[in-house]
Undergrad: 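One structure is given below, represented as structure tokens, and several questions about it will come after.
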Amino acid sequence: WLWAGIVINVNNPLPPGLPSESLSRLCGKTLNLEEVLELFLESLRENYGLLRELEARLDPWEEVPPNLLVSKFKDLSDTLGRCVAWALDLDRESQPLVAWAEDLLPNGSLVLRDQGQKLIVDSGEILYL
């Protein structure tokens, strides 16, 4: 089982000292929560549909077909091409790996490059540097 949570700071004030943002601050106005929820759910349905479409095309004996969800994420991502610190748990790791976020694989793994060495990670945390 996998449990995932999504938090969207819409109109709430942000705690000082934390790397977070609020949609209302970015837009310069208070937002209607029902409209934000409607847009979020519409996007979630669309992306879940892309995932289900990929799942329907999967064949365990063939190469993984192109994943439209990964392509869409790459287009919208501000992670790729950035220098990041990576660790399984950044709060507990005293010396995280510092590398460049190079690519996103069809299975969702992140490709990091550090001094010519490539590392493929499928879980953990990153911090933009």
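From a predicted model like this one, the values you see are computed outputs, not experimental measurements. The analysis underlying the following values was restricted to heavy atoms, covering all of them including side chains, and did not include hydrogens, waters or symmetry mates.
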Undergrad: Can you name the salt bridge (Lys or Arg N to Asp or Glu O under 4.0 Å) partners of Lys118, sequence neighbours left out?
TA: none
Undergrad: Using the rule that two of Ile, Leu, Val, Met, Phe, Trp, Tyr join whenever any of their side-chain heavy atoms come within less than 4.5 Å, decide whether Val7 and Leu23 are in one cluster.
TA: no
Undergrad: State the CG-CD distance between Leu26 and Glu21, to the nearest 0.5 angstrom.
TA: 4.0 Å
Undergrad: What pair of heavy atoms forms the shortest contact from Lys72 to Asn47, and how long is it?
TA: NZ-OD1, 3.1 Å
Undergrad: When clusters are formed by joining ILVMFWY residues with side-chain heavy atoms under 4.5 Å apart, either directly or through shared neighbours, do Ile8 and Leu41 land in the same one?
TA: yes
Undergrad: Can you check whether Ser20 reaches Asn9 side chain to side chain, under 4.5 Å on heavy atoms?
TA: yes
Undergrad: Would a 4.5 Å heavy-atom cut-off, applied to side chains only, mark Ile126 and Leu90 as touching?
TA: no
Undergrad: Is there a chain of hydrophobic side chains (I, L, V, M, F, W, Y, each step under 4.5 Å between heavy atoms) that links Leu44 to Val36?
TA: yes
Undergrad: To the nearest 0.5 Å, tell me how far Leu31 CG sits from Leu37 CG.
TA: 13.0 Å
Undergrad: Could you go through Phe40 and Ile6, starting from their C-alpha distance and side-chain angles, then the distance that decides it, and tell me whether this counts as side chain to side chain contact (heavy atoms under 4.5 Å, CB included)?
TA: CA-CA 11 Å; Phe40 170 76; Ile6 299 173; 3.5 Å; yes
Undergrad: Determine whether Leu88 and Val121 fall in the same hydrophobic cluster, where Ile, Leu, Val, Met, Phe, Trp and Tyr are linked whenever their side-chain heavy atoms lie under 4.5 Å apart.
TA: yes
Undergrad: Does Glu93 have more than 12 heavy atoms from other residues, nucleotides or ligands lying within 6.0 Å of its CD?
TA: yes
Undergrad: In terms of heavy-atom contacts, does OH of Tyr128 have more than 12 from other residues, nucleotides or ligands at under 6.0 Å?
TA: yes
Undergrad: Once you round to the nearest 0.5 Å, how far does OG of Ser77 lie from CZ of Arg82?
TA: 9.0 Å
Undergrad: Evaluate the criterion salt bridge (Lys or Arg N to Asp or Glu O under 4.0 Å) for residue pair Asp103 and Arg113; output intermediate values, then yes/no.
TA: CA-CA 9 Å; Asp103 197 7; Arg113 184 161 304 275; over 6 Å; no
Undergrad: Linking I/L/V/M/F/W/Y whenever any side-chain heavy atoms sit under 4.5 Å apart, do Leu112 and Leu104 land together?
TA: no
Undergrad: Measure from the side-chain N and O atoms of Asn11 to the backbone N and O of Thr30, and report whether any donor-acceptor pair falls under 3.5 Å.
TA: no
Undergrad: Hey, what do you get for OG (Ser109) to CD1 (Ile120), rounding to the nearest 0.5 Å?
TA: 6.5 Å
Undergrad: State, yes or no, whether a side-chain contact exists between Leu119 and Asp114 at a heavy-atom distance under 4.5 Å.
TA: no
Undergrad: Under 6.0 Å from the CD atom of Gln95, do we count more than 12 heavy atoms belonging to anything else shown?
TA: no
Undergrad: How many angstroms lie between OG in Ser71 and CG in Leu76, if you round to the nearest 0.5 Å?
TA: 11.0 Å
Undergrad: Taking the side chain as everything from C-beta on, heavy atoms only, tell me whether Leu110 gets closer than 4.5 Å to Trp86.
TA: no
